[in-house]
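Reckoned from all heavy atoms, side chains included, excluding hydrogens, waters and symmetry mates.
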Amino acid sequence: MSKQELNDCLKSFYTSARKQDGSYYKTSSMKSIRAAIDRFLRSPPHGKQFSIIGDPAFTEANQVLDAFAKDLRKTGKIAGVVHKKPITKQQIQRKIFALEDSPTCPVQTIRNYLSHLNPVCEFLFQRPRNSESKKFNSNDSWYCNSPLGDTSLNNMMKDMSKRAGIQPYLTNNCLRATSVTILSDHDCEVRHIKAVTGHKSDSSIESYNQRPSLEQQERMSSILSDFHSLKENQQPESGILVQNS
């Protein structure tokens, strides 16, 4: 198949693709599908030397996709991009529960953090000042009047674990996975866990619990050991033989 023929096929595919229920795909989903097709064509055994995303030969097909998605959004057949609102300091204080007389109280931890933020900057995550600088004063705000960048936020747990010498490195998603595991181990309902973590499906929650935790392994070991001990301590009932005269 030539590039032109493939371009024509893609134009037809982009405007006719539907979900199983007949509804339209979101723009992000269609672009993900396009990226998957591109990877498929460029991977062995096909090994195409061009990209259906960046090659000028497929400009027309890509324009058709963009125009079609734009028309669907205008007519209300698909939703536009919904940007999440940033977390405010008030929301942080409202959603976290205090642990009285605990050194790890999350409310007190948040209060300590908020007390050191730069009052001029409205962002919750701010770029920290250099504590080794001669100008640094612990009584002043610990942060600059500028937000922390996306890259720094995304790599925060990795950088912290690297400095602590933890191998393999932890990631931000480890916090989410740990929360799911702990809540699941304590028999919290899946729908309640999803409300906390933001997961959309039950299967995404179950994927974190494919292996039992150490606490569950210890409990199962105890159950098996108790059963084995019980069997050993049980004495067989003595039978009474009755003979007919």
Side-chain angles (χ1 to χ4, degrees), residues 26-28 31-32 79-201 204-211 213-216:
K26 295 190 300 183
T27 304
S28 58
K31 291 188 175 181
S32 297
V81 178
V82 179
H83 296 285
K84 302 296 184 182
K85 294 182 179 180
I87 299 174
T88 64
K89 299 174 184 178
Q90 291 75 17
Q91 287 175 318
I92 288 292
Q93 292 173 322
R94 245 193 344 257
K95 295 292 185 181
I96 297 181
F97 298 95
L99 296 175
E100 297 294 337
D101 301 323
S102 172
T104 59
C105 174
V107 172
Q108 188 57 47
T109 300
I110 291 295
R111 285 175 178 168
N112 291 338
Y113 172 72
L114 295 177
S115 67
H116 293 294
L117 289 178
N118 192 310
V120 182
C121 184
E122 61 179 358
F123 292 93
L124 180 63
F125 298 104
Q126 302 174 0
R127 185 165 57 85
R129 297 170 58 190
N130 183 6
S131 60
E132 297 180 359
S133 172
K134 294 181 179 179
K135 297 182 180 180
F136 180 80
N137 187 341
S138 60
N139 295 324
D140 298 333
S141 61
W142 294 2
Y143 299 88
C144 303
N145 183 19
S146 59
L148 199 62
D150 290 343
T151 302
S152 298
L153 280 173
N154 292 335
N155 295 330
M156 182 175 290
M157 284 297 297
K158 180 179 179 181
D159 293 339
M160 291 171 63
S161 57
K162 185 184 295 185
R163 290 196 298 268
I166 299 174
Q167 291 283 354
Y169 299 140
L170 302 177
T171 65
N172 293 353
N173 193 57
C174 291
L175 298 177
R176 196 184 194 197
T178 301
S179 299
V180 171
T181 303
I182 293 174
L183 294 174
S184 179
D185 289 350
H186 286 76
D187 299 324
C188 293
E189 293 186 30
V190 172
R191 62 190 178 95
H192 294 159
I193 298 176
K194 289 193 296 183
V196 172
T197 63
H199 287 93
K200 300 299 183 182
S201 64
S204 59
I205 297 294
E206 293 170 358
S207 65
Y208 289 106
N209 300 298
Q210 294 179 350
R211 296 181 179 179
S213 65
L214 289 176
E215 182 180 346
Q216 290 172 327

Please enumerate all residues that pass side chain to side chain contact (heavy atoms under 4.5 Å, CB included) together with [X], with sequence neighbours excluded.
X: Thr171; value: Asn173, Cys174
X: Arg191; value: Glu189
X: Thr104; value: Ser102

Any donor-acceptor N/O pair, [X] side chain to [Y] backbone, under 3.5 Å:
X: Ser184; Y: Thr181; value: no
X: Asn118; Y: Ser141; value: no
X: Ser161; Y: Ile166; value: no

Are [X] and [Y] close enough that some pair of their side-chain heavy atoms sits under 4.5 Å apart?
X: Met156; Y: Leu153; value: yes
X: Ile182; Y: Cys188; value: no
X: Leu99; Y: Val107; value: no

Check your understanding: When the ring planes of Tyr113 and Phe125 are compared, do they come out parallel, tilted or perpendicular, using 30° and 60° as the limits?
Key ->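 It falls in the tilted class, 30° to 60°.
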Review point. Quick one: side-chain hydrogen bond (donor to acceptor under 3.5 Å, both in side chains) pairs with a partner in residues 144-153, sequence neighbours left out?
Key: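 side-chain hydrogen bond (donor to acceptor under 3.5 Å, both in side chains) check on residues 144-153 returns Arg127-Ser146.
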Exercise for review: Scan residues 171-201 for pairs that pass ring pair (Phe, Tyr, Trp, His ring centres under 6.0 Å), counting only residues two or more places apart or in two chains.
Suggested key: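 Sorted result for residues 171-201: His199-Tyr208.
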Practice item. For Glu100, look at atom CD and say whether over 12 heavy atoms of other residues, nucleotides or ligands are found less than 6.0 Å away. Key: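 Counting other residues, nucleotides and ligands, CD of Glu100 stays at 12 neighbours or fewer.
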Review point. Is the NZ atom of Lys158 crowded by more than 12 outside heavy atoms at less than 6.0 Å?
Key: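 No, the 6.0 Å shell around NZ holds no more than 12 heavy atoms from other groups.
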Practice item. Mind checking the CG-CG spacing from Leu117 to Asn112? Nearest 0.5 Å is all I need. Key: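 One gets 11.0 Å once the value is rounded to the nearest 0.5 Å.
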Exercise for review: Hey, could you give me the CG/CD distance between Leu148 and Gln126, rounded to the nearest 0.5 Å?
Suggested key: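 Reported to 0.5 Å precision, the distance equals 9.5 Å.
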**Study point:** Contacts of Tyr169 that satisfy ring pair (Phe, Tyr, Trp, His ring centres under 6.0 Å) - sequence neighbours left out
**Key:**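 Partners of Tyr169 by the ring pair (Phe, Tyr, Trp, His ring centres under 6.0 Å) criterion come out as none, since no residue qualifies.
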**Study point:** Over all atoms of both residues, closest heavy-atom pair of Cys144 and Arg129
**Key:**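 The pair with the smallest heavy-atom distance is SG-CG, 3.5 Å.
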